[in-house]
Amino acid sequence: MNNSLKKTENTWLVGDSDNEVVLASRVRLARNFAGIPFPNRANAQQLEAVLMKAGDSFSDIENVLKKRLDVLDIEKLGSLERQVLIEKQLIRRQMVVQPKSRAVFMDRDETAAVMVNEEDHLRIHCMGRGLCLEKQLERAFSIDDAVEVRQDIAFDEKLGYITSCPTNLGTGLRATAVLHLPGLFYTQNMQNITTVSQQLGLSVRPLFGKGNESKGNLYIIANQMTLGFSEQGIIDNIVSAVQGITDNELRARKALQMFSGAMLENSARRALGIMKYGSLLEWDEAMEFISKIRLGIDLGYITEVSHEDMGRLIIAIQPAYIKYTGNNENMSPTELCKARADLVQAVLAGRGTDYYMETGEKYES
């Protein structure tokens with residue numbers, strides 16, 4: 001297995017410059033091999049058998065994706081590398097808690113991944129910029145088909161795909177979209193969106209943060225149930241809800257601009273000024289500034305930086321990512337804030353995430 005994690009930015013959360021609200025889409029399929037207990041009940045030999053079965057389909061998955069895949073053995077990765085994968089939304093924390101016989105197959109641009117022995121034997125993820133759920137579902141199906149050609153997948157005529165969590169029975173599909181919703185947050189309408197979404201069988205939660213507290217006003221909308229619904233029905237429901245939320249967000253922005261345009265512009269430009277010239281940056285304040293600047297770009301107040309710049313920073317400013325790209329796991333809080341400020345300024349100056357650490361050594365993404 002390849003046990004080195006590339007020092008690259010996440011590409012699927014960068015966002016789509018043509019979509020002011022929807023940054024990204026992700027589709028996940030949960031699958032299990034017939035005759036083997038779920039990972040939380042399997043013994044060491046059974047977990048290893050799952051890993052071998054997944055490996056049997058490795059070349060087939062590469063062929064359908066037409067891309068090279070890396071295979072990362074979670075147990076052999078360092079703690080910092082594992083945390084980077086979590087920050088990039090490529091694995092879940094559960095795989096880090098019990099890393100033995102856990103692995104992830106991942107393409108080079110990190111838009112397709114297969115988690116092995118997480119909550120289910122296989123979790124197939126496909127991700128892309130903007131609202132592109134149909135395309136990601138097609139890619140996920142192609143991976144699923146490549147696996148099912150060689151392996152017997154647990155399936156029941158009434159219950160559909162058998163999964164470790166009952167909420168994933170049926171299609172095993174979880175479809176999500178990442179939305180930037182500062183307008184709804186500032187007008188205090190997020191609770192209404194959450195309530196209506198629940199009535200439609202959908203969940204809304206922060207991408208970063210807990211409860212109702214979102215860092216950077218980034219939210220994930222996803223289906224809650226899969227049993228009794230077709231894959232297309234789930235996708236259609238999400239797309240319809242996203243379009244409705246987008247319309248509400250744009251109306252909220254228009255109202256804010258009409259009544260508080262000068263304050264919004266001032267807030268966005270102040271945020272950009274601190275990002276450009278501040279010598280220390282905390283993570284939570286950087287996330288707040290990214291949101292304000294992105295809104296400023298959308299409203300036409302800021303033209304010197306782009307959606308792509310802000311999207312790249314979402315992952316680049318995360319603590320483990322900075323420590324890993326800087327080859328310094330033991331950064332003090334002040335050193336981390338300094339490195340974050342240096343990295344942000346490099347991106348805003350058009351130098352990408354190349355930056356100089358205190359040692360003077362340059363690390364390239």
Side-chain angles (χ1 to χ4, degrees), residues 12-28 89 125-138 140 167-168 170-171 173-209 211-261 264 290-292 294-300 307 310-311 314:
W12 71 280
L13 272 176
V14 167
D16 185 346
S17 60
D18 294 329
N19 196 318
E20 297 179 357
V21 176
V22 186
L23 268 68
S25 301
R26 176 169 58 188
V27 161
R28 186 217 68 201
Q89 310 281 313
H125 289 254
C126 290
M127 299 80 78
R129 300 184 187 187
L131 186 57
C132 57
L133 287 169
E134 294 270 6
K135 178 181 178 180
Q136 302 315 317
L137 180 62
E138 183 179 345
T167 59
N168 291 322
T171 62
L173 169 64
R174 189 76 67 198
T176 64
V178 180
L179 283 68
H180 182 225
L181 302 175
L184 292 171
F185 175 78
Y186 293 142
T187 57
Q188 301 182 351
N189 280 305
M190 277 308 305
Q191 185 57 51
N192 293 336
I193 295 298
T194 300
T195 300
V196 172
S197 296
Q198 289 174 343
Q199 294 171 354
L200 297 173
L202 306 173
S203 66
V204 177
R205 63 177 177 83
L207 178 63
F208 300 108
N212 295 323
E213 182 183 359
S214 170
K215 301 298 184 181
N217 296 312
L218 297 173
Y219 294 86
I220 290 179
I221 182 168
N223 61 301
Q224 291 183 300
M225 300 294 290
T226 64
L227 185 62
F229 301 91
S230 68
E231 290 92 349
Q232 190 60 54
I234 291 170
I235 296 296
D236 290 345
N237 193 27
I238 292 279
V239 169
S240 177
V242 167
Q243 290 171 341
I245 292 172
T246 297
D247 290 342
N248 280 290
E249 169 65 20
L250 295 178
R251 280 195 293 269
R253 293 183 186 188
K254 186 175 181 179
L256 285 169
Q257 190 172 24
M258 182 180 299
F259 295 104
S260 307
L264 285 178
I290 288 171
S291 176
K292 289 180 177 179
R294 185 180 175 93
L295 180 58
I297 294 169
D298 292 339
L299 297 180
H307 283 115
M310 295 301 103
I314 290 173

J.: Salt bridge (Lys or Arg N to Asp or Glu O under 4.0 Å) with E231: which residues, sequence neighbours excluded?
T.: none
J.: Please enumerate all residues that pass side-chain hydrogen bond (donor to acceptor under 3.5 Å, both in side chains) together with N217, with sequence neighbours excluded.
T.: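 So N217 forms a side-chain hydrogen bond (donor to acceptor under 3.5 Å, both in side chains) with S291.
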J.: Got a second to check how far T194's OG1 is from Q198's CD, nearest 0.5 Å?
T.: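 So the OG1 of T194 and the CD of Q198 are separated by 6.5 Å.
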J.: For L133 and R26, which heavy atoms make the closest approach, and how far apart are they?
T.: CD2-O, 3.7 Å
J.: Take T167 and R174 through the test side-chain contact (heavy atoms from CB on, under 4.5 Å) and record every step on the way to the result.
T.: CA-CA 10 Å; T167 59; R174 189 76 67 198; 3.6 Å; yes
J.: So do E249 and V21 actually touch side chain to side chain, heavy atoms under 4.5 Å?
T.: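 V21 reaches E249 side chain to side chain.
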J.: Who are the salt bridge (Lys or Arg N to Asp or Glu O under 4.0 Å) partners of R28, not counting sequence neighbours?
T.: none
J.: Determine whether more than 12 heavy atoms belonging to other residues, nucleotides or ligands lie under 6.0 Å from atom CZ of F185.
T.: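 No.
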J.: Among side-chain atoms of H307 and D298, is any donor-acceptor pair under 3.5 angstrom?
T.: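 A pair is found: one side chain offers a donor N or O, the other an acceptor, under 3.5 Å apart.
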J.: According to side-chain hydrogen bond (donor to acceptor under 3.5 Å, both in side chains), who are the partners of S25, at least two apart in sequence or on a separate chain?
T.: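 Partners of S25 under the side-chain hydrogen bond (donor to acceptor under 3.5 Å, both in side chains) test: none.
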J.: Are side-chain heavy atoms of R294 and L23 found at a separation under 4.5 Å?
T.: yes
J.: Between the side chain of N19 and the main-chain N/O of V22, is any donor-acceptor distance below 3.5 Å?
T.: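 Side chain of N19 to backbone of V22: a pair is present.
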J.: Could you go through residues 233-241 and list every donor-acceptor pair under 3.5 Å that involves a side-chain atom there, pairing it with any protein atom two or more places apart or in another chain?
T.:
| from | atom 1 | to | atom 2 | distance (Å) |
| --- | --- | --- | --- | --- |
| D236 | OD1 | Q232 | NE2 | 2.8 |
| N237 | ND2 | L200 | O | 3.1 |

J.: To the nearest 0.5 Å, what is the distance between CG (L207) and CD1 (I314)?
T.: 7.5 Å
J.: Could you tell me the separation between the CG atom of N248 and the CE atom of M190, rounded to the nearest 0.5 Å?
T.: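 These two atoms lie 10.5 Å from each other.
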J.: Under 3.5 Å, sequence neighbours excluded: what are the donor-acceptor pairs made by side chains of residues 218-225?
T.:
| from | atom 1 | to | atom 2 | distance (Å) |
| --- | --- | --- | --- | --- |
| N223 | OD1 | A175 | N | 2.7 |
| N223 | ND2 | L173 | O | 3.0 |
| N223 | ND2 | M225 | O | 3.2 |

J.: So how far is it from Q89 CD to T176 OG1, rounded to the nearest 0.5 Å?
T.: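 Between atom CD of Q89 and atom OG1 of T176 there are 9.0 Å.
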J.: Output the distance between atom CG (L184) and atom CG (L179), rounded to the nearest 0.5 Å.
T.: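 Interatomic distance, L184 CG to L179 CG, rounded to 0.5 Å: 9.0 Å.
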J.: List the residues meeting side chain to side chain contact (heavy atoms under 4.5 Å, CB included) with D247, not counting sequence neighbours, and say none if there are none.
T.: R251
J.: For S214 and P206, indicate whether the former's side chain and the latter's backbone hold a donor-acceptor pair under 3.5 Å.
T.: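 No, the answer is negative, given that no donor and acceptor are paired below the 3.5 Å cut-off.
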J.: Give, for atom NE2 of H125 and atom CE of M127, the distance between the pair rounded to the nearest 0.5 Å.
T.: 7.5 Å
